Amino acid sequence: MSSAAVTPEIKRVNFARHPLEATLRGNFDGEILFGAADRGRYATDASIYQIMPVGVVVPRTAKAAAIAMQIAAEAGVPILPRGAGTSQCGQTVGAALVIDNSKYLNGILDFDPAAQRIRVEPGMVLDHLNARLKKHGLWYPVDVSTSAQATIGGMAGNNSCGSRSIVYGNMVHNVAAIDAILADGCQERFGEWRESELPGRSQRFRELASGLRQICEREHDEIAKRFPPLLRRVAGYNLDIFAPRDPLHYHSEAPNLAHMLVGSEGTLAYFQSLYLKLSPLPAHKTLGVVNFPSFHQAMDSAQHIVKLGPSAVELVDRTMIELARNNPAFRPVIDAALIGEPDAILLVEFSGDEEAALVRKLDDLDALMGDLVLSKSVVKMTHAGAQKSLWDVRKAGLNIMMSMKGEGKPVSFIEDCCVPLEHLADYTRRLTEVFEKNGTRGTWYAHASVGTLHVRPILNMKSDGAQKMRAIAEEAAELVREYKGVYSGEHGDGLVRSEWIAPFFGPKLTQALGEIKALFDPDNLMNPGKIVRPSKQDERSLFRFPPGYATPPDASQLDWRTDFGERGLAAAAEMCNNNGHCRKFDAGTMCPSYRVTRDETHLTRGRANTLRQALSGQIAGGLAGEAVREAMDLCVGCKGCKRECPTGVDMAKMKIEYLHQYKKEHGYSLRDRLVAYLPRYAPWFAKVSGLINFIQEIPGTSGLRDSFAGFSAKRTLPRWSKIYSLSPGQGERARVRGTSLQESGAPHPSLLARGHPVPLSGGQGVSRREVALFADTFNNYFESENLRAAMDVLQHAGYEVHITSAKESSRPLCCGRTFLATGMIAEAKKEARRTLDALKPYVEKGVPIVGLEPSCLLTLRDEFAALFPGEETRALAAQAFLFEEFLVREKQAGRLQLRFAEGETRQALLHGHCHQKAFGVMGSVEEVLSWIPGLSTTPIESSCCGMAGAFGYEAEHYEVSMAMGELSLLPAVRSSPSDTLIVADGTSCRHQIHDGTQRAAQHVAVVLAAALQP
Ligand SMILES: Cc1cc2nc3c(=O)[nH]c(=O)nc-3n(C[C@H](O)[C@H](O)[C@H](O)COP(=O)(O)OP(=O)(O)OC[C@H]3O[C@@H](n4cnc5c(N)ncnc54)[C@H](O)[C@@H]3O)c2cc1C
Ligand code: SF4
Ligand code: SF4
């Protein structure tokens, strides 16, 4: 798509940079982001809204944050504190100076394990905190589903609540005090409030404290009337802090002024640090999964189940069960929890210090269900691993739902209403009828224990969504009122629910909220428009897809339409709902560039937002513009997001589209061409491999490489292969102990150039023992010992191995990856066409095609379909296997017989190539390694190695590349004993391991071949 084709139809972006930027520069310690693209990346949260901020600052110190506030306040610019930006209600977006605490202000300030108290900075992520607390037997128990991203500051801002709130309460029950700054610069500690302490405090504080007390006491009766005695009430400010109305009570001794700040959504003050109450980690947990034949029965049972004293009761409905079953990772987990085909399940958890007592609780649950005429409906889980897997599915609930494609999306606006448990069944039934009346449906899940069920009607916010939202919201509010419930029971008010505070709180309390806001923030500078004086929830000009939102006709080069319809790439980019799941540091791959930079720019979410805004003309330049280039620069195309992003945002594929467009407009560099055309010139270089290797090693040539072509001088270049014979039995096999393969002596041209296809068995189809070995450029010309090893293993197992090659030339087949990696889609298509034609006879005969290099072989399964959508590529994909996948498949079919020599005990460390992980095939590598006697394998919990094809060679990316490797892979290799075998199937990964640790890693084929019985 050409940038000129993009019509900037919506004019919500002021491209001019705000003068505040100039004042900040020179006075502020941190990052100052005022460009349109940066602001665009902070214009959304996980809600339906989008508002461009004035600018963004990322302070390095608490003092810098205070300075930014002061400068903004003096300029009359509103202030918006931000954590991970995972809010669902729009409370994290606004035309303000955004202060992002998540990158630097995330430390522990004080910790007293004995007193179970800790003080943290606002950007501390919950999971990171709990990881630090674990060894002390403690945890911070507000276990929100976004625990891997949510910051303590944001959680306090929203008065967040976790699955176990029935025991531990919400944030308001677990925050002891807050050090806060007000917009006028006043810095105060808000905590327990005692009249006797007032004389020692500042005049401003005394005014605040007495003002609050006066307002709340004045409204005591109204508060008692309007605040139902429910745990899950997060609407407005906590006006009941002097006489708590919730069942767990906020405080035991004295009123706590911090509790007025908790849930204030950044509208009263900026939190500098938070004093938290910790809880002992329960020693044991058991889980009972109750299977219900009807949703109504599940809802009706919750009120009885809570009497057993569970720590959580969570709902998963039929739709969610089905969506989870569609996900290959979740399917076995959810299946293990089901009895037959239930309409809903409740996850009932018991926790405590005595395991036997918790097991008895499961029996009690069983008995209770028998009394409720539902005997044999409970699946009991006592194993911690099984419980965790099921909780992970439940935690992914919303994300699973958001994976829905098409213009209709589940929208959050009544997703956390809370009603007393005795009305839960009726409430959910009647609300479902409201959905039906409005021509939509919703999926129910989450916190049955406290009457807060998440439900998101499916609406098209680009067409009639706003009207339907209003109609449903009105009726839902009526129901909640009738059942004496709470309209905002978990996620906050923000832009979507603040207008509903007045109808629920009434005029007197609404006025009281305004008075409190004026006490703290008389100039209305702190996150205006939330809670007090809000806009309408259906104010479409504030939507992410406002009236006039449009993208030009899809001109993408890869196939997006099969999945996303006519709008193609634009619709794919819009799949990002900003839930922030990619801001993670735990297991998995996504997103290596964020893991090392912690920048929104270098995050899958930031990239998707930039693409969406560029494609819709909201930022200049379209796909070929500077903003997209900057956002895509550090994307290593690892496909981590393809697998791990809950909505399946496939940024690696989007990067190919961007590169294509960008390079078309800006031209290809020499480096691009050297990388892209490698498969084409490799046969010529191979002929003079000795000479090239010699030149590469001449001192000084690396510097030339850097200045001449932009390849980092700090990198070693891959060595061109010596040539090996393919005849089985020739050459001495490497032992697991690990010497390299021996050269056989017989000079051959390259493996493939030599290997014209063995004619396929003719006649009646193919024998089951034939296999086609796809020799990729890297293993063919740089590490042909891998191909040789694969040949050995396959022939040892009795397979007839065909070496795939093109009919018309001796140049090996190529998957086109190097062309894709540089955006040369037309060239990649040529290679794919050639490969498809050459492999056709194998595909037609049902001969499995086996490859060694994950990125190459998996291109046949993935990008080929995007280049040539249709049956031809589907058929090839179904038959293309990685070497280890093929072996496991054959073993499972009883066709594989490999004999291994008895070996001494040996350790192996295994690093997975990102694309192997993206396709979920690492289990096969582990399995084949487990066949080797004496070998014990430990997978390294690593993200991308950082090399990522040519990325790590590029001079400007060297540091980032090494930083990615240093996250976990390189330290793990370094700290392993020198005789530990390092296994890595990716050519780039092996190279990175070598450069970073000077240790040699091996392809699994080499390891297997070396372990075979001679
Ligand atoms: C998939 C999904 C699942 C979710 N599950 C849950 C759940 O189980 N329970 C739950 O309660 N919520 C849930 N949420 C909502 C959200 O994740 C939580 O509210 C979370 O605690 C917000 O943290 P954050 O760091 O992203 O805050 P942000 O969204 O960045 O900020 C939240 C609010 O706090 C304010 N704020 C942030 N930092 C400060 C500060 N330093 N000083 C003053 N104010 C500040 C912001 O201005 C904003 O109003 C979910 C959201 C998603 C997308
Ligand atoms: S890219 Fe995926 S994981 Fe990241 S915020 Fe968007 S939808 Fe969530
Ligand atoms: S492909 Fe990898 S680096 Fe790029 S956005 Fe996805 S997870 Fe991040």
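Side chains included, hydrogens not; waters and symmetry mates left out as well; all remaining heavy atoms used. As the structure is a prediction and not an experimental result, all values here were calculated from the model. Whatever order the structure lists them in is the order used to number ligands and atoms, beginning at 1.
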For ligand 1, does K530 get within less than 4.0 Å through its side chain, its backbone, both, or neither, judged by non-hydrogen atoms?
neither
Note: ligand 2 atoms sitting under 4.0 Å from heavy atoms of C576 are 1 (S), 5 (S), 6 (Fe), 7 (S)
Quick check on contacts: which atoms of ligand 1 are under 4.0 angstrom from a heavy atom of L80?
47 (O)
Under the 6.0 Å and 45° cation-pi test, does R598 pair with F585?
yes
Looking at every non-hydrogen atom in both residues, tell me the closest pair between S593 and R607 and how far apart they are.
OG-NH2, 2.8 Å
Just jot down the ligand 2 atoms closer than 4.0 angstrom to any heavy atom of G580, in number order.
5 (S), 8 (Fe)
Within the 4.0 Å heavy-atom shell around N101, which atoms of ligand 1 are there?
38 (N), 41 (N)
So is A84 polar-close to ligand 1, meaning N/O to N/O under 3.5 Å?
yes
Which atom of A948 lies closest to which atom of S988, heavy atoms considered
N-CB, 4.0 Å
Can you tell which part of H491 has a heavy atom less than 4.0 Å from ligand 1: side chain, backbone, both or neither?
side chain
In terms of atom number and element, which parts of ligand 1 are under 4.0 angstrom from non-hydrogen atoms of G153?
36 (N), 37 (C), 38 (N), 39 (C), 45 (C)
Ordered by chain then number, the protein residues lying under 4.0 Å from ligand 3 by heavy atom are M590, C591, P592, T604, R607, C635, V636, G637, C638, K639, C641, M651, A652
Is the backbone of H491 close enough, under 3.5 Å, to the side chain of Q88 for a donor and an acceptor to pair up by distance?
no
Quick check against the 3.5 Å criterion: does N174 have a side-chain atom that pairs as donor or acceptor with the backbone of N170?
yes
So the atoms of ligand 1 within less than 4.0 Å of a heavy atom of A46 turn out to be 53 (C)
Please report whether ligand 1 has a polar contact with S87, defined as an N or O pair separated by less than 3.5 Å (distance criterion only).
yes
Test applied, side-chain hydrogen bond (donor to acceptor under 3.5 Å, both in side chains); reference residue, S87; option that passes from T146, D45, N578, N158:
N158
Evaluate the criterion side-chain contact (heavy atoms from CB on, under 4.5 Å) for residue pair L558 and I656; output intermediate values, then yes/no.
CA-CA 9 Å; L558 301 173; I656 297 170; 3.9 Å; yes
Apply side chain to side chain donor-acceptor pair (under 3.5 Å) to residues D143 and S163 and explain how you reach the verdict.
CA-CA 6 Å; D143 53 339; S163 295; 4.6 Å; no
Is the shortest distance from a heavy atom of D45 to ligand 1 less than 4.0 Å?
no
Non-hydrogen atoms of A37 and A627 that approach each other most closely
CB-CB, 3.6 Å
Can you name the atoms of ligand 2, numbered from 1 with element, that are less than 4.0 Å from a heavy atom of N577?
7 (S)
One finds that the ligand 1 atoms under 4.0 Å from a non-hydrogen atom of M155 are 21 (O), 23 (O)
Heteroatom proximity flag, Y270 to ligand 1, N/O under 3.5 Å
no
For the aromatic rings, using the six-membered ring if either is Trp, is the centroid distance between H173 and H259 under 6.0 Å?
no
So is F271 polar-close to ligand 1, meaning N/O to N/O under 3.5 Å?
yes
Compare P646, G266, P81, G83 and give the one whose heavy atom is closest to atom 46 (C) of ligand 1.
P81
If we only consider heavy atoms of G580, is any one of them less than 4.0 Å away from an atom in ligand 1?
no
So is there a nitrogen or oxygen of D143 less than 3.5 Å from a nitrogen or oxygen in ligand 1?
no
Looking only at the side chains, is there a donor atom on one of S102 and R82 sitting less than 3.5 Å from an acceptor on the other?
no
Give the atom numbers and elements of ligand 1 that come within less than 4.0 Å of a heavy atom of Q91.
48 (C), 49 (O)
Any chance the side chains of S855 and R817 put a donor and an acceptor closer than 3.5 Å?
no
Stepwise salt bridge (Lys or Arg N to Asp or Glu O under 4.0 Å) test for K103 and D599:
CA-CA 7 Å; K103 184 167 178 178; D599 283 344; 2.6 Å; yes
Ring geometry between H913 and H915 (parallel below 30°, tilted from 30 to 60°, perpendicular above 60°):
perpendicular
Can an N or O of C161 be found at a distance shorter than 3.5 Å from an N or O of ligand 1?
yes
Identify, by atom number and element, the atoms of ligand 1 in contact range of A150, meaning under 4.0 Å from any of its heavy atoms.
20 (C), 21 (O), 23 (O), 25 (O)
When you look at C638 and F951, which way does the side-chain contact (heavy atoms from CB on, under 4.5 Å) test go after all the steps?
CA-CA 11 Å; C638 66; F951 180 85; over 6 Å; no
Show your reasoning for whether side-chain contact (heavy atoms from CB on, under 4.5 Å) applies to L623 and H660.
CA-CA 9 Å; L623 271 193; H660 172 78; over 6 Å; no
Minimal non-hydrogen separation, V496 against Q537, with atom names
O-NE2, 2.7 Å
Working for salt bridge (Lys or Arg N to Asp or Glu O under 4.0 Å), residues K917 and E644:
CA-CA 10 Å; K917 289 185 263 187; E644 295 165 40; over 6 Å; no
Please step through side-chain contact (heavy atoms from CB on, under 4.5 Å) for the pair R119 and L274, ending with a clear verdict.
CA-CA 5 Å; R119 181 162 75 102; L274 299 102; over 6 Å; no
Are any of the N/O atoms in T86 less than 3.5 Å from those in ligand 1?
yes
Here the atoms of ligand 2 under 4.0 Å from any heavy atom belonging to T647 are 7 (S)
Just jot down the ligand 2 atoms closer than 4.0 angstrom to any heavy atom of P646, in number order.
3 (S)
Any atoms of ligand 1 less than 4.0 Å from a non-hydrogen atom of N579? List them with their elements.
53 (C)
Would you check the N or O atoms of G85, main chain and side chain alike, for any that come under 3.5 Å of an N or O of ligand 1?
yes
Ligand 1 to H447 polar contact by distance, N or O atoms, under 3.5 Å
no
What are the two closest non-hydrogen atoms of Y270 and A65, and how far apart are they?
OH-CB, 3.5 Å
Below 4.0 angstrom from a heavy atom of N579, which ligand 2 atoms are there? Numbered from 1 as shown, please.
3 (S), 5 (S), 7 (S), 8 (Fe)
